[in-house]
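The first residue in the sequence is number 1, and the count goes up from there. A quick note: this is a predicted structure, and the numbers were derived from the prediction, not measured.
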Amino acid sequence: MGGGIQWLADQDDWRHGVVFARGIAPEELGLLMGGVPGSVVSPITDTEAWHMVQDLATDDDDIVRVGACGGWSFAVEYGLGDGSRRLAEISGNGTEAIHLDPAPDHPPATFAYARDGEIVCGFGIGEEVWRWGTQPNLLLPELIAADVLYPDGEYARSEDEPYPDRDRHTLALIEARFGLSLPRDEVEQQRLPAFIIG
């Protein structure tokens, strides 16, 4: 598959939001994220994407790089990111969509799952006790089985658990439940098609 998603918690500075979509091609995901067709000479590297965001120097223009792994398309966000706002729209027409947002300016990182145009389930990673969506308890069995929550919905983990370990634990159950994988080498080292988000 290509390494799962737990490596996101291993970064010193998790700075990429990631949108996954099952049922559409990577380029279509880039367009649904607000990508302007032909806006970037593709493909580009992670470093080039960050340089482009800095060169754009506005809060209105971001970049997404797109690819596919394990039956899911993915879009890696650079800049402020807009995946949370667009997730329900991306999930229309039978598409499943997931957004992982590191929320560096307002922790915790968040997870949201959408299907058929609705946010089905979401929660803060490390704040799983507070869940939202049309089916907020969708992942409750997995959260209990992974010893994140007790059956009564209260926290089962130690408050002393280091944040990266806590985040990795929750990312592992999301990875297993949905079969997600984000190829680290491809994201960090390889060239991927990209779009400026307008």
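Applying the side chain to side chain donor-acceptor pair (under 3.5 Å) test to residues at least two apart or on different chains, the pairs with a partner in residues 139-149 are E142-R177.
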When you look at I119 and W132, which way does the side chain to side chain contact (heavy atoms under 4.5 Å, CB included) test go after all the steps?
CA-CA 8 Å; I119 302 298; W132 61 84; 4.2 Å; yes

Given the rule in the side chain to side chain contact (heavy atoms under 4.5 Å, CB included) test, do I174 and F123 qualify, once you have shown the distances and angles that lead to the verdict?
CA-CA 11 Å; I174 294 167; F123 51 78; 4.2 Å; yes

Are Y78 and H16 close enough, and set up right, to give a side chain to side chain contact (heavy atoms under 4.5 Å, CB included), and what steps lead you there?
CA-CA 6 Å; Y78 296 80; H16 299 292; 3.2 Å; yes

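Put simply, the side chain of P136 does not reach to within 4.5 Å of the side chain of C121, judged on heavy atoms. Side-chain contact check for L139 versus F178: some heavy-atom pair is nearer than 4.5 Å. At a threshold of 4.5 Å between non-hydrogen side-chain atoms, the residues L149 and Y155 count as touching. Residues L182 and W7 form a side-chain contact, since some pair of their non-hydrogen atoms from C-beta on lies under 4.5 Å apart. Proximity of R131 to L143: side-chain heavy atoms (C-beta onward) are separated by under 4.5 Å at one or more points. Side-chain atoms of F74 and I5, non-hydrogen and from C-beta on, never get closer than 4.5 Å to each other.
In this structure, CZ on R65 lies 8.5 Å from CD on E48, to the nearest 0.5 angstrom. Atom-to-atom distance recorded for E118:CD and L87:CG is 12.0 Å, nearest 0.5 angstrom. From I197, atom CD1 reaches atom CG of D62 across 7.0 Å, with rounding to the nearest 0.5 Å. Within the model, atoms CG of L100 and CD1 of I125 stand 6.0 Å from one another, a figure rounded to the nearest 0.5 Å. Taking CD of Q6 as the reference point, atom CG of L171 lies at 7.0 Å (rounded to 0.5 Å). The line from CZ of F111 to CG of L180 is 8.0 Å long, rounded to the nearest 0.5 Å.
One side chain, H99 or E77, offers a donor N or O that lies under 3.5 Å from an acceptor on the other. Of the N and O atoms on the side chains of Q190 and D185, at least one donor lies less than 3.5 Å from an acceptor on the other residue. No side-chain donor from either of T134 and R115 sits under 3.5 Å from a side-chain acceptor of the other.
Scanning all heavy atoms of the two residues, the minimum distance from A97 to I90 falls at CB-CG2, 3.9 Å. Listed here is the closest heavy atom pair of G79 and V53: CA-CG1, 3.9 Å. V66 approaches A75 most closely through the heavy-atom pair CG1-CB, 4.0 Å. The two residues P37 and L31 have their closest heavy-atom pair at CG-CD2, 3.6 Å. Between V129 and G153, the shortest heavy-atom contact is CG2-O, 2.9 Å. Here the shortest heavy-atom pairing between D101 and S84 reads OD2-OG, 3.9 Å.
Ionic pairing of D46 and R15 is present here: one or more N-O contacts between side-chain nitrogen and carboxylate oxygen are shorter than 4.0 angstrom. At a threshold of 4.0 Å, the pair E96-R22 counts as salt-bridged, since one of the basic side-chain nitrogens sits closer than that to a carboxylate oxygen.
Using modelled atom types, one side-chain atom of E128 and one backbone atom of G126 make a donor-acceptor pair closer than 3.5 Å. Looking at T170, its side chain never comes within 3.5 Å of a backbone N or O of D167 through a donor-acceptor pair. Panel note: side chain R168, backbone D10; no donor-acceptor pair is recorded below 3.5 Å. Within the 3.5 Å criterion, the main-chain N or O of T45 finds no donor-acceptor partner in the side chain of W50. Judged purely by atom type and a 3.5 angstrom limit, S73 has no side-chain atom pairing as donor or acceptor with the backbone of A68.
Legend: residues meeting side-chain contact (heavy atoms from CB on, under 4.5 Å) with V36, ordered by chain and number and at least two apart, are S39. Listed by chain and number, the residues in a side-chain contact (heavy atoms from CB on, under 4.5 Å) with D82 are R85, R86 (sequence neighbours excluded).
Hydrophobic cluster membership is shared by L173 and W130, with clusters built from Ile, Leu, Val, Met, Phe, Trp and Tyr side chains linked at under 4.5 angstrom.
The aromatic rings of W72 and F20 sit perpendicular to each other, their planes meeting at more than 60°, with 30° as the lower class boundary.
Atom CG of N93 sits in a sparse spot, with 12 or fewer heavy atoms from other residues, nucleotides or ligands closer than 6.0 Å.
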